[in-house]
Amino acid sequence: MRVYLSSTLNDLGPEREAVRKALGGHCTVVESYTADERSVRESCLADVAGCDLYIGIIGGRYGFIPPGESFSITELEYQEARKHKLPTLICIKDDDVILKRFHDAGTQENPPERIESFRQRVNNGTEEAGRPAIFKTPEDLKEHVLKALWRYSERHGAIPPKRIEGRPYPGLRAFLTTESDRFFGRDAEIEALVERLIARNENFLAVIGPSGSGKSSLVYAGLIPILTENAIVGGVRWIPVSFSPRELGDDPFQPLAAALSKSFPDQNWRVPDLTQRLRTHPADIAAVASAALGQEGASAQLLLFVDQFEEVFSSNVDAGRRSNFFKLLTAAVECPLMRVVVAMRSDFYDQWPQEETCIALLRSGHFPVAVPGEAALEKMITGPAQAAGLTISPRLVQRILDDAGSGPGALALAELALSLLYDKRDGDPLTETAYTAIGGVAGAIDSLAEQAVAQAKEMLKQDAKVLDEEAISPLFLAIASVEQRDNAAGGALAVVRRRAAKGDLPEAALILAQQLDGKRILVGSEQPAVYEVGHEAVFSHWERFKDWYANYAADLALRHQAEQAARDWDKDQRPVLKWDWERQKPALEALRKLNHLPPPPLDLDFTDSGIATWRVLEPQLPEPLRHFLTPEPLTLIDELNTDHTPHHCREEIGLRLNQLGDPRRGVGLNANGLPDIVWINIPGGEVTLKTESREHFTVPPFRLARYPVTWRQYCAFLQAEYGYCNPAWWEDRPRKEEPGQQLWSFANYPVINVSWYDALAYCRWLSVKLQLPIRLPAEWEWQWAAAGGTQQDYPWQGEWNGQRANSAEAGIGRTVAVGLYPLARNPFGVEDMAGNIWEWCLNSCDPPSDASLDTSEARVLRGGSWYSSPDSVRASVRYSYRPVSRSNSIGFRVLCSSPIESRTPLNAETLVCCSLIAPRSGA
């Protein structure tokens, strides 16, 4: 194209140079001549007549008037352009920046009135390019020229459009770069993008708008084709490189490297190597661009387009990689070979990093995009129809506009409805009958999606419940996630799409996904092999999904929070970041419900349902989530299984377990509110007591409680309506009006301050409640359970180990929770038989064989306590105490068997204690 550039010469040199640069190498520039002896009509004006476009720059000089002429060369050139009706661009320099106003510089040969008159005539003209532009600087002038050239090329340089082939409407997906011929209604936005990128020479643009505003399509089908297909808009060859940050996983550098490698195959870049290079050295993007463009660098520009930019802020993206990705963008913007455009949802606006360089980028490049208004949406409906040779009545157009509305998603809904309407056409007309049949705008998504569900159900031959559990819910979990809209704690969560890897979907969900892909509700790809929703409008207009989300919104939010917290914890490895059980348990329950798992049966070792849920979920959870959600109680108990855990830490663990309602079986109450006793089967054996007479006993099999009775279990007796307050449990034996002082009475601590008579009463009460023969163990039974046939001194093999008992040596100075020394568990599995508390035995101290219940003789204590020396906690040590007395070092555990056998006949009182007979009164 030939462009005639006219201006006075002595005062507008920089301005002419700016215009030449704007025109680049794609226009032939013909300039005005200096005043000489040549004939103006034969040379200068002839050149004007032979050009395609006239550009006139008017400053403060009128210019040279040739002999015999009434006008200057500059005005004659302008008149010639008007005579030949050339497209005309007039640019007038602002009065405020003209050094010498309205007279010729230096010579002053023309009065100010003359230049003023010329400027007025030009300013009032009716040139095709519009009213004259007012400029102040050469750069300002350059911007006006480029903008006018783009408009000129749109009107005069484009090839008349051909009838488009294929589908005129894309449905839910974004327009492609190859579909610019059917992309209508966004002329103003496209022009503004071109102006800022080309005329203003901006290096970064952030296209930001709500979901459904058409951001991706605006760049793909609007900006990129203009740049690549119309060389006049910048004089360079534009090479677009497009990607989404998470299309290949959670590392934004990988899809960038893949896109670069695909766009520049001659570079032979290996994607893993380029990914690592850019991730480690983000500034290398400039060198990569230079290598890619090679010798074309001076006349080419690499346009980096990051679509769905909000994915950078996903909690799945490592914070360090996110930071480096922004460093790469900054380096790309600073590189003269590159321009950067990103498209981002506006509800992620305040996730943008607040570092100065990042804020500067956003401030300079912010380009807001709104949901298309009714006029633009009308063009989007009628334009593709006309281009495809279809007809659509104004009434149907208005009906679609009314149904789509003006809110977010209106564009996507209209496009889907039009796509379905195109499928339903019979010939060229798009009819209202067909529109009604597809359910209109509102019903299009739901109708299509439900057709896909019905087809999947037919293929799978499953009922609705099985289909929901095996196909629908797993697929929804894979394609939908929640992300926090702002950085504030507890900020609102938005449903966002996530890419579902085909290989991770169960077979039923994969079949459903294939059917939804066929209906364009989902969009599938092979590289990478994923499915994702065509548009987020699916989430708000598919009734089945909305119902599912309403049921599981809180669970999805918990899953999101747990995943994000797990990644933060895994990165920093800071214990303070790991959730406690109060937060872990609801998250595990949410994951169970999301995966449609039934409530699991209770664990054999723990009463807390959350631990049973964990056992079921554990194999399915990925790292680091699995490690992060490992139940705190299990972690605490695991700390107990080593001699390296100090005594004070064990005490803290016991207190923490108590806060959590201590989930270990045998420590608390059962579902009926009665003591939950874990019975350990003890086989029969032979025991010799270390008494003066060395008495020998044959011990029949019995069952012994794993732990001593805890305060929680004893308080059930104290608080029962017919418990401690019922005198019948004592059967004429001494009974104190009030129970012993509840000292150190944490629920999982062993009960203390109980007399031997208190313990007998508890056994009688528990026998009736559990319908079992429950009593105190005789000391030979206790010793056999503690040491077995080994007759060893301690529950463990070998010498004394101070790390395995709460004795005086531990230095705690009081009782601790039961079961804090699992390495001291005896061979049968009974715990706490060394230290912590002395335990009442049934028999008297002298003679030991006396197990009668109507005597006031001192009773045997076994096991040692928190203030005992290592020698006193040996399994064979005997100690005695008056049965009526209470102490802060004495408690008990219970035994279950038939009445004990001894060489002394058992009296009736012993039988009563061990029988299932209820008290004679008040029971």
Side-chain angles (χ1 to χ4, degrees), residues 1-35 38-66 69-94 114-115 117-135 138 140-158 195 198-199 230-235:
M1 183 174 68
R2 288 169 58 86
V3 177
Y4 193 88
L5 178 58
S6 174
S7 74
T8 53
L9 300 180
N10 296 336
D11 57 336
L12 295 172
E15 286 78 1
R16 290 201 312 277
E17 183 61 25
V19 172
R20 279 195 293 269
K21 288 182 179 180
L23 297 177
H26 297 275
C27 297
T28 300
V29 181
V30 182
E31 295 193 73
S32 58
Y33 297 100
T34 58
R38 293 180 297 167
S39 169
V40 172
R41 297 187 182 282
E42 294 178 0
S43 55
C44 179
L45 300 185
D47 286 337
V48 172
C51 286
D52 304 299
L53 176 67
Y54 170 87
I55 297 176
I57 309 173
I58 311 300
R61 292 191 63 220
Y62 180 65
F64 174 72
I65 301 176
E69 295 289 347
S70 301
F71 303 101
S72 67
I73 293 179
T74 304
E75 183 166 0
L76 288 171
E77 291 168 342
Y78 171 71
Q79 292 174 352
E80 189 70 9
R82 291 293 304 279
K83 173 183 174 182
H84 291 280
K85 298 182 179 180
L86 293 181
T88 305
L89 170 62
I90 300 297
C91 300
I92 300 178
K93 195 167 186 178
D94 193 292
R114 193 151 201 172
I115 183 62
S117 176
F118 177 44
R119 286 163 62 101
Q120 287 295 328
R121 288 195 297 276
V122 171
N123 195 46
N124 295 329
T126 58
E127 290 75 24
E128 184 180 348
R131 296 186 64 82
I134 306 299
F135 70 94
D140 192 16
L141 173 63
K142 179 181 176 182
E143 179 180 329
H144 285 296
V145 169
L146 283 171
K147 188 173 182 179
L149 281 175
W150 180 76
R151 288 175 175 170
Y152 173 83
S153 66
E154 283 290 284
R155 288 191 295 266
H156 300 281
E195 177 185 347
I198 305 302
N230 194 340
I232 199 172
V233 293

Heavy-atom closest contact (P138 atom, A18 atom, distance): O-CB, 3.5 Å
Minimum heavy-atom separation for F135 to I57, with atom names? CZ-CG2, 3.8 Å
From I92 CD1 over to Q120 CD, what is the distance, rounded to the nearest 0.5 angstrom? 8.0 Å
F118 and I58: which non-hydrogen atoms are nearest, and at how many Å? CE2-CD1, 3.6 Å
Which distance, rounded to the nearest 0.5 Å, do you find between the CG of L141 and the CG of D94? 12.5 Å
What's the separation between atom CG in D47 and atom OG in S6, rounded to the nearest 0.5 Å? 11.5 Å
Just verifying a value: how many Å separate R114 CZ and E75 CD, rounded to the nearest 0.5 Å? 8.0 Å
Inter-residue atom distance I55.CD1 - L5.CG, 0.5 Å rounding: 6.0 Å
Checking D52 now: which residues fulfil side-chain contact (heavy atoms from CB on, under 4.5 Å) with it, not counting sequence neighbours? M1, R2, Y152
Quick one: are V30 and V48 in side-chain contact, heavy atoms under 4.5 Å? no
For the residue pair Y78 and Y54, does the interplanar ring angle fall in the parallel (under 30°), tilted (30 to 60°) or perpendicular (over 60°) class? tilted
Q79: partners by side chain to side chain donor-acceptor pair (under 3.5 Å), with sequence neighbours left out: none
To the nearest 0.5 Å, tell me how far K93 NZ sits from R119 CZ. 10.5 Å
For S7 and L12, work out which heavy atoms get closest and say how close. CB-CD1, 3.9 Å
Scanning both residues in full, the closest heavy-atom pair of A49 with E80 reads CB-OE2, 4.2 Å
Shortest non-hydrogen pair, V29 vs R20, comes out as CG1-CG, 4.2 Å
